[in-house]
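Below: one structure, written as structure tokens.
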Amino acid sequence: MTEAPRKILVTAALPYANGHIHIGHMVEHVQTDIWVRFQKLRGHQCVFVWADDTHGSAIMKSARKAGISEETFIQGMSDAHEKDFAGFGIEYDHYSSTHSETNRQLSTEIWSAFQEKDLVAVRKVAELFDADTGESLPDRFVKGRCPKCDAADQYGDNCDKCGATYSATDLVDPISTISEKPPVSGETDHYFLQIEQLHDFLEEWTQSGQHLQDEVANYLKGHFLGEPLRDWDVSRPKPYFGFEIPGTAGEHFWYVWFDAPIGYIASTKEWCEKNGEDFDSWWRSEETEIHHFLGKDIQYFHCLFWPAMLKTAGFNLPTRVHIHGFLTVGGEKMSKTKGTFIKASTYLNHLQPEYLRYYYAAKLGPKLDDLDLNLEDFVTKVNAELVGKVVNLASRSAKFVQQTGLSASYPDDDGLFAQGAEQGDKIAAAYENCDYARAIRLILELADRANPFVENAAPWNLRKDESKAQELQDVCTIAMNLFRQIVIYLTPVLPTLTEQVAELMNDPILHWDQSKTPLTGTPINKFKHLAKRIDEKDVTKMIEESKTEAAEEAATEGPLVGHEYGDSEQPMLDKPLTEECTIEDFVKVDLRIARVVAAEHVPEARKLLKLTLSLGGEHRRQVFAGIKAAYEPESLVGRKVVMVANLKPRKMKFGLSEGMVCAAGAGGEEIFLLSPDDGALPGQRVT
RNA sequence: GGGCCGGUAGCUCAGUUGGUUAGAGCAGGGGACUCAUAAUCCCUUUGUCGCGGGUUCGAGUCCUGCCCGGCCUACCA
């Protein structure tokens with residue numbers, strides 16, 4: 001029952017470039033990947049595009065904290081994201097960034113459409129700015145005492161302690177979390193999209209029952225569509241990391257949520273250009289289905305603003321928006337202190353990606369319910385179902401046919417294989433509806449039928465009687481085919497297992513319909529373990545590592561540690577960190593304690609002093625140092641400094657310089673030599 | 001306070017348009033097998049289907065009130 005090939009475009013929510021991927025994100029990524037792999041396996045043209053979401057205040061802040069440019073920051077994060085996805089077998093067709101030229105162009109195009117339809121309004125908005133950087137401060141970037149209960153250290157939107165909500169301008173003794181100084185209030189122009197003009201369209205689109213889950217449609221109706229839609233503020237004043245709004249002379253930028261979803265289109269466009277595809281056939285064609293996967297936290301963006309944008313600019317509307325719930329671990333929100341805030345990379349240090357893919361699949365339904373990762377359940381399910389029932393089928397029958405291969409024709413199996421083939425339609429329907437939990441249940445039923453078959457046929461007994469060689473081969477041909485059928489059904493979830501089985505049975509698995517025809521006459525390769533059981537210790541180790549990571553993070557970037565000293569961030573801004581180096585790189589530089597034993601002016605030099613440094617004993621070095629403006633020679637004699645002792649000597653106009661002394665400072669008169677604490681001796685190495 | 005979702009065996013859940021004695025897996029108990037990754041197979045215990053009303057010949061399934069849990073939201077998008 002093969003359908004006509006469909007043309008399907010799929011997206012997952014764009015990961016924000018402000019942090020690493022964790023196992024909560026993976027729920028969505030696995031959900032999406034399974035759906036995409038399923039569609040491809042069914043023979044449809046299915047393309048999965050996505051990108052990093054890279055703009056906004058949070059990115060600026062993080063980049064600054066890291067002492068690097070935003071561009072460098074988002075590139076590094078994007079690389080890390082892609083690595084995590086690869087580790088989990090997420091097979092997208094194109095990964096882009098919202099900070100791309102294509103996205104800028106498309107954002108401009110959509111913006112123009114709003115302008116042409118006269119749907120953009122400009123109004124003054126009161127807001128707070130950082131005193132140093134002049135940045136507009138989102139509520140979460142302002143802290144102060146709650147105006148209601150006086151609790152300290154509260155964000156500008158609501159109070160953790162008493163639950164009061166207010167605006168950032170109401171905070172008592174507010175400070176900017178950027179400069180730690182009181183913010184400055186002011187007023188700037190903001191650009192708004194008047195989406196109320198599209199109210200009727202949105203009402204119809206969201207309530208049609210075609211595109212959204214019922215809960216979502218109800219939510220939108222109850223919260224937004226029951227009254228006039230407020231104008232949507234899509235601009236932020238400079239400085240802002242994002243795209244400048246055309247015609248605003250660099251004063252205004254699009255709010256990150258304006259250009260983020262446009263990244264779906266931009267990524268598609270890039271993919272089209274790379275693959276010689278016609279862009280309009282994907283985003284301006286009735287033939288194409290568009291499916292978005294995302295979490296319930298961002299549903300209103302995707303179900304109100306986004307359709308409004310697409311409608312206005314004349315793009316395809318989403319065929320279906322698939323919204324999922326959040327991940328809990330052990331019934332609770334992920335917690336850093338409990339070690340359940342597990343990064344994707346941390347998981348991969350300890351466990352196989354397919355285990356989590358399987359577990360998520362076994363628990364994912366089409367609703368918005370939260371998914372709970374119960375670690376005991378996780379171990380049990382994977383070991384009992386995946387390894388004990390499914391994989392065990394192969395490991396108990398493959399080796400009996402290793403010599404002979406599969407029978408030339410498929411033997412009578414009392415309709416077992418045919419039943420499995422029939423079940424395939426139900427399984428496919430479950431996948432199609434994102435009811436993976438149901439799909440897995442249906443698949444396990446097949447395994448629960450196959451194991452008793454092997455039990456009753458008892459190939460281990462047939463083996464003992466040479467006259468039953470044919471029967472033995474037949475029994476194993478059946479067992480291996482039942483196994484393979486199950487594996488085909490699990491392919492969207494467990495792509496690696498499928499590859500292993502294809503190799504074992506010498507027949508590639510490329511299409512769902514291969515589950516309808518038994519494989520015969522092929523050789524069977526030597527059996528190798530297809531999946532290890534989970535060792536609970538690995539789970540424990542993973543939790544421990546997560547705890548350690550969280551503790552380290554808290555130590556290095558504790559919220560306001562050190563802020564009482566009032567150290568400015570300027571030096572880091574002036575000279576961002578250079579690229580990371582290894583300890584091997586570092587030890588190449590031999591830093592030593594040295595004592596200044598002589599110092600004199602170099603008459604012809606504008607900046608240099610000539611120093612004679614002692615490394616103890618008879619070890620002397622002559623060094624020309626550019627510190628003339630800051631130090632008198634006589635004040636230096638006798639003091640200890642830090643020098644680069646293995647620097648290649650350099651011939652200068654005034655003589656040979658045999659090293660460098662270490663100093664910091666802005667330059668000119670502001671140069672400060674490093675000195676060791678008392679006790680460090682000349683000649684000792686700095687490590 | 002409002003909205004949504006859920007409350008079925010110790011645990012995780014399934015129960016399709018209301019229809020006979022309410023099911024599965026795991027865990028527990030007993031047995032078998034020994035090919036397999038202490039896997040597998042057979043047998044087996046356990047339920048006031050959250051509580052109270054109502055509709056119906058008949059309700060886990062529909063209506064209603066309440067209790068409990070989760071998520072969202074509280075004039076913010």
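Letters A, B, ... mirror the listed sequences (proteins, then strands); counts begin at 1.
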Whole-angstrom distance between [N] and [M], as gauged at atom [atom1]:
N	M	atom1	value
B:C35	B:U20	C1'	43 Å
B:C72	B:G28	P	36 Å
B:G10	B:C57	C1'	37 Å
B:U12	B:U17	C1'	28 Å
B:U64	B:C71	C1'	25 Å
B:U21	B:C66	P	33 Å
B:U16	B:G50	P	14 Å
B:A22	B:G47	P	11 Å

Using a heavy-atom cut-off of 4.0 Å across all strands, would you classify [X] as base, sugar-phosphate, or nothing?
X	result
A:A394	nothing
A:W257	nothing
A:R438	nothing
A:P452	sugar-phosphate
A:V454	nothing
A:F400	sugar-phosphate
A:K381	nothing
A:N451	sugar-phosphate

Tabulated below should be each protein N or O lying under 3.5 Å from an N or O of nucleotides 25-28 of chain B; please produce it.
from: B:G25; atom 1: O3'; to: A:K389; atom 2: NZ; distance (Å): 3.3

Can you tell me how the ring of [X] sits relative to the ring of [Y], calling it parallel under 30°, perpendicular over 60° and tilted otherwise?
X	Y	value
A:F378	A:Y355	perpendicular
A:H322	A:W35	tilted
A:H25	A:H29	parallel
A:Y431	A:Y436	tilted
A:Y300	A:F305	perpendicular
A:H252	A:Y191	perpendicular
A:H190	A:F192	tilted

If I take atom [atom1] in residue [X] and atom [atom2] in nucleotide [N], what distance separates them, rounded to the nearest angstrom?
X	N	atom1	atom2	value
A:E471	B:C35	CD	C1'	15 Å
A:E127	B:A77	CD	C1'	15 Å
A:W460	B:A32	CH2	C1'	11 Å
A:L368	B:C71	CG	P	14 Å
A:E455	B:C42	CD	P	8 Å
A:Y300	B:C75	OH	C1'	15 Å
A:R449	B:C42	CZ	P	13 Å
A:H302	B:A77	NE2	P	19 Å

Verify, without hydrogens or angle tests, whether A:N525 (side chain) and A:E503 (backbone) share a donor-acceptor contact under 3.5 angstrom.
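Yes.
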Donor-acceptor pair, side chain of A:Y347 and main chain of A:L356, under 3.5 angstrom
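Answer holds: yes.
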Report the residue (A:D370 or A:K532) whose heavy-atom-nearest nucleotide on RNA chain B is the more 5′ of the two.
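The residue mapped nearer the 5' terminus is A:K532.
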Using the closest heavy atom to pick a nucleotide of RNA chain B for each, name whichever of A:F224 or A:N456 lands nearer the 5' end.
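Looking at RNA chain B, the more 5' nearest nucleotide goes with A:N456.
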Taking atom CZ as the centre, does A:R438 end up with more than 12 heavy-atom neighbours from other residues, nucleotides or ligands that are less than 6.0 angstrom away?
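For A:R438, atom CZ is not crowded (no more than 12 foreign heavy atoms under 6.0 Å).
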Take atom CD in A:E536; do more than 12 heavy atoms of anything else shown fall under 6.0 Å from it?
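At most 12 heavy atoms, drawn from other residues, nucleotides or ligands, come within 6.0 Å of this atom.
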Any [X] side-chain nitrogen or oxygen under 4.0 Å from OP1 or OP2 of [N]:
X	N	answer
A:R230	B:A77	yes
A:R441	B:A24	no
A:K296	B:C71	no

Identify whether the distance between the nearest side-chain nitrogen and carboxylate oxygen of A:K389 and A:E385 falls below 4.0 Å.
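No.
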Looking only at side-chain atoms of [X], point me to the closest of [options].
X	options	answer
A:F326	B:A32, B:C71, B:A39	B:C71
A:R396	B:A36, B:C33, B:C41	B:A36
A:D377	B:A77, B:C35, B:U12	B:U12

With rounding to the nearest 0.5 angstrom, report the CG to NZ distance, A:D435 to A:K426.
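Going from the CG atom of A:D435 to the NZ atom of A:K426 covers 13.0 Å.
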Protein within reach of the bases, or only the backbone? For nucleotides 1-7 of chain B, mark each nucleotide 5' to 3' as B, S or -, using heavy atoms under 4.0 Å.
-B-SSS-
Using the ring-ring contact (aromatic ring centres under 6.0 Å, His included) rule, pick out the option among A:F258, A:F243, A:F253, A:Y240 that qualifies with A:H55.
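When A:F258, A:F243, A:F253, A:Y240 are each tested with A:H55, the ring-ring contact (aromatic ring centres under 6.0 Å, His included) holds only for A:F243.
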Paired stretches of RNA chain B - 3 or more consecutive Watson-Crick or G-U pairs, each distance under 3.5 Å:
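Consecutive-pair runs (3 or more) involving RNA chain B: B:1-7 with B:67-73, B:10-13 with B:23-26, B:28-32 with B:40-44, B:50-54 with B:62-66.
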Checking A:K296 against A:F326: charged group under 6.0 Å from the ring centre and within 45 degrees of the axis?
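Here A:K296 passes the 6.0 Å and 45° test against A:F326.
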